[in-house]
*Asks:* 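Once you've had a glance at the structure underneath, I'll fire off some questions.
Proteins come first, then strands; the chains are lettered A, B, ... in the order of their sequence lines, and each starts at number 1.
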Amino acid sequence: MIHALTLILACQLAGETLTRLMGWPVPGPVLGMALLFALMLASPRIAALVIPTGEGILRHLSLLFVPAGVGVVGHVQMLGAQGAVLMLALVLSTILALAVGAGVFVAVARLTKGRKDA
Amino acid sequence: MRDFTEIWSYLAGDPLIWLAATLLAYVIGDAASSRMGRAPWVNPVLIAVVLLGALLYLSDTRYDTYFEGAQFVHFLLGPATVALAIPLWHQRAAFRRALLPVLAALIAGSLTAVLSALAIGHALGLSPQLLATLAPKGTTAPVAIGISQALGGSPTLTAVLVLLTGIVGAIVVTPLMNLLRIRDWRARGLAVGVAAHGIGTARALQVNPQAGAFAGIGMALNALLTALLAPWALGLYF
């Protein structure tokens, strides 16, 4: 477990260092995820090593958003007079993005599948 | 027996109590969610956040004090994001086959998230500053905050909107996809990762492993895409 944790933190650290160094607009952990994915593809041993610990961390991913969420609750009054409008735009736009994203996925999957079968 | 207030004043300053409270609130939220068969409207994050918010308010505790305990949980967000490589690795064959749909849905979903928020906000008369604050709401918090700051929005308010978007997305995705009769777990996962970042991904992981893997990759790719897209999109409104 300690080896897996070390590897995960090392990937995150490498990601943080790289984005800062290059001034990339991606968060370090996201780059760390790409790095870990590449390592897992390269070596089945690495994959077998990180899976139990990594899946342990992911099992309660929701929990990890709670501390930031509590901070946010204290700022809800910041929505202020425009709160209703902001919420309306937020909810509608999230629904639209979900529908369009999933719809386009299904449509393109169908198209590319048809092409391969032909 | 010692006075309760004396014990309280000792414990209240200790990180332990707020770490324990965070876990307890989540256990309650998760139990409620599990009890209701993971019904989308019983969101464990929302329940835990409301319980803790009430507790801090009633006990007159400052957020800084709370965070001294809660930071140990918060810290794990980074490693957990790295660990999202694991579900993706499990689904690597499915992912390779779906590369084209993934990229198309990413671009379409990300564009829709940014442009529709701007269009609706603009039509309803939001100020340019609020539009800049709202535009990056669908992406992961560190990216959204950076974009909002760079565009002259309010980073703190963006953090509020990002969290609300995550919760709204996590609640809405299941009924919406059922309504649209979209049963492809890859499509459902990717869409929620793009539109509702980590909180949507957490929901997807809970529902289906394939949806979880595609949500993770959607969230990661959208972090990059929104950073490139939001400044350009906002330019359309000025």
Side-chain angles (χ1 to χ4, degrees), chain A residues 8-9 11-12 15 25-30 32-34 36-37 40-41 47 50-51 54-55 57-58 60-76 78-79 82 85-106 108-109 112, chain B residues 22 26 44-45 48-49 52-53 63 70 73-74 76-86 88-89 100-101 104-105 108-109 112-113 116-117 120-121 124 130 138 142-143 156-157 159-161 163-165 168-169 172-173 176 182 184 187-188 190-191 194-195 199 202 205 220 223-224 227:
Chain A
I8 290 171
L9 289 179
C11 285
Q12 187 183 348
V26 224
V30 167
M33 170 190 170
L36 181 61
F37 183 61
M40 291 176 80
L41 284 181
V50 290
I51 285 173
E55 287 186 338
I57 300 176
L58 283 180
H60 288 285
L61 183 58
S62 295
L63 163 67
L64 313 186
F65 292 97
V66 171
V70 174
V72 155
V73 161
H75 289 100
V76 165
M78 269 186 78
L79 292 173
Q82 302 277 43
V85 173
L86 277 170
M87 271 314 282
L88 185 65
L90 184 153
V91 171
L92 286 179
S93 136
T94 304
I95 290 175
L96 280 172
L98 282 169
V100 170
V104 166
F105 189 105
V106 170
V108 174
T112 48
Chain B
T22 302
Y26 175 75
V45 183
V49 163
L52 288 164
Y63 182 67
V73 170
H74 181 74
L76 284 173
L77 263 182
T81 306
V82 174
L84 282 172
I86 293 169
L88 181 62
W89 183 82
L100 227 53
T112 309
S116 69
I120 297 166
L124 296 173
L130 280 176
V143 175
T156 318
L157 185 52
V160 176
L161 297 174
L163 183 95
L164 291 172
T165 302
V168 167
V172 152
V173 62
L176 179 68
I182 294 176
D184 189 332
R188 294 170 76 127
L190 192 91
V194 169
I199 300 180
L205 275 170
L224 180 62

*Asks:* Select, from B:Leu157, B:Leu76, B:Thr22, the one with the greatest count of heavy-atom pairs under 4.5 Å involving chain A.
*Replies:*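 Top option by heavy-atom pairs under 4.5 Å: B:Leu157.
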*Asks:* Evaluate the side-chain proximity of A:Leu86 to B:Leu130: yes if any heavy-atom separation is below 4.5 Å, no if none is.
*Replies:*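 Yes, side chains in contact.
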*Asks:* With chain A as the partner, which of B:Ala220, B:Ala105, B:Ala117 has the greatest number of non-hydrogen pairs under 4.5 Å?
*Replies:*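 Most heavy-atom pairs under 4.5 Å with chain A: B:Ala105.
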*Asks:* Please identify, among B:Leu77, B:Leu124, B:Val168, the residue contributing the most non-hydrogen atom pairs under 4.5 Å to chain A.
*Replies:*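 Ranked by heavy-atom pairs under 4.5 Å with chain A, first place is B:Leu77.
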*Asks:* Using heavy-atom distances under 4.5 Å, tell me whether B:Leu84 contacts chain A through its side chain, its backbone, both, or neither.
*Replies:*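 Contact with chain A is through both the backbone and side chain of B:Leu84.
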*Asks:* Out of B:Gly169, B:Pro101, B:Ala227, B:Pro142, return the one with the most heavy atom pairs under 4.5 angstrom to chain A.
*Replies:*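 Maximum pair count with chain A is reached by B:Pro101.
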*Asks:* Working to the nearest 0.5 Å, report the span between CG of B:Leu100 and CZ of A:Phe105.
*Replies:*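 The CZ atom of A:Phe105 is 10.0 Å from CG of B:Leu100, to the nearest 0.5 Å.
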*Asks:* Based on non-hydrogen pairs under 4.5 Å, which of B:Val172, B:Leu190, B:Leu224, B:Leu161 is most in contact with chain A?
*Replies:*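 Ranked by contacts with chain A, first place is B:Leu161.
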*Asks:* Please name the pair of heavy atoms, one in B:Tyr26 and one in A:Val66, separated by the smallest distance, quoted to 0.1 Å.
*Replies:*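 Closest approach of B:Tyr26 to A:Val66: CD1-CG2, 4.4 Å.
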*Asks:* Under a 4.5 Å cutoff for heavy-atom pairs, which residue among B:Pro44, B:Gly138, B:Ala70 has the most contacts with chain A?
*Replies:*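 The answer is B:Ala70.
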*Asks:* Identify all side-chain donor-acceptor contacts of residues 89-104 of chain A below 3.5 Å with residues at least two apart in sequence or on another chain.
*Replies:*
| unit_1 | atom_1 | unit_2 | atom_2 | d |
| --- | --- | --- | --- | --- |
| A:Ser93 | OG | B:Ala113 | O | 3.1 |
| A:Ser93 | OG | B:Ser116 | OG | 3.3 |
| A:Ser93 | OG | B:Lys137 | NZ | 2.7 |
| A:Thr94 | OG1 | A:Leu90 | O | 2.7 |

*Asks:* Select one option (side chain, backbone, both, neither) describing which atoms of B:Leu205 are under 4.5 Å from chain A's heavy atoms.
*Replies:*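 Side chain only.
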*Asks:* Quick one: of A:Ile57, A:Val26, A:Leu9, A:Leu36, who has the most non-hydrogen atom pairs under 4.5 Å with chain B?
*Replies:*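 Answer, by heavy-atom pair count under 4.5 Å with chain B: A:Leu36.
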*Asks:* Go through the atoms of B:Leu164 and report whether side chain, backbone, both or neither lie under 4.5 Å from a heavy atom of chain A.
*Replies:*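 Both backbone and side chain.
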*Asks:* Just so I know, are the side chains of A:Met40 and A:Ile51 near enough to count as touching, which here means a heavy-atom distance under 4.5 Å?
*Replies:*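 Sidechains of A:Ile51 and A:Met40: in contact.
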*Asks:* Rounded to the nearest 0.5 Å, what separates atom CZ in A:Phe37 from atom CG in B:Leu88?
*Replies:*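 A:Phe37 CZ to B:Leu88 CG: 4.0 Å, rounded to 0.5 Å.
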*Asks:* At a 4.5 Å cut-off on heavy atoms, which part of B:Val173 comes close to chain A: side chain, backbone, both, or neither?
*Replies:*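 Both backbone and side chain of B:Val173 come within 4.5 Å of chain A.
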*Asks:* Side chain, backbone, both or neither: which part of B:Ile182 has a heavy atom under 4.5 Å from chain A?
*Replies:*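 For B:Ile182, the side chain is the part near chain A, not the backbone.
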*Asks:* For the candidates A:Leu88, A:Leu61, A:Leu63, which exhibits the highest count of non-hydrogen atom pairs separated by less than 4.5 Å from chain B?
*Replies:*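 The answer is A:Leu63.
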*Asks:* Which pair of heavy atoms, one from A:Val72 and one from B:Ala159, lies closest together, and at what distance?
*Replies:*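 Smallest interatomic distance, heavy atoms only, reads CG2-O, 3.8 Å.
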*Asks:* Measure B:Ile86 against the heavy atoms of chain A and call it side chain, backbone, both or neither at under 4.5 Å.
*Replies:*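 For B:Ile86, backbone and side chain are both near chain A.
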*Asks:* Identify the heavy atoms of B:Ala195 and B:Thr165 that sit nearest to each other, and give their distance.
*Replies:*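 Closest pair (atom of B:Ala195, atom of B:Thr165, distance): O-CG2, 3.5 Å.
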*Asks:* Mind checking side chain to side chain donor-acceptor pair (under 3.5 Å) for B:His74 and listing every partner two or more places apart, or none if nothing turns up?
*Replies:*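 Expected list: none.
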*Asks:* Counting heavy-atom pairs under 4.5 Å to chain B, which of A:Pro29, A:Pro67, A:Gly54 comes out on top?
*Replies:*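 Max contact count across the listed options: A:Pro67.
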*Asks:* I need the minimum non-hydrogen distance between A:Val70 and B:Tyr63, along with the two atoms involved.
*Replies:*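 Nearest heavy atoms, A:Val70 then B:Tyr63: C-CE1, 3.9 Å.
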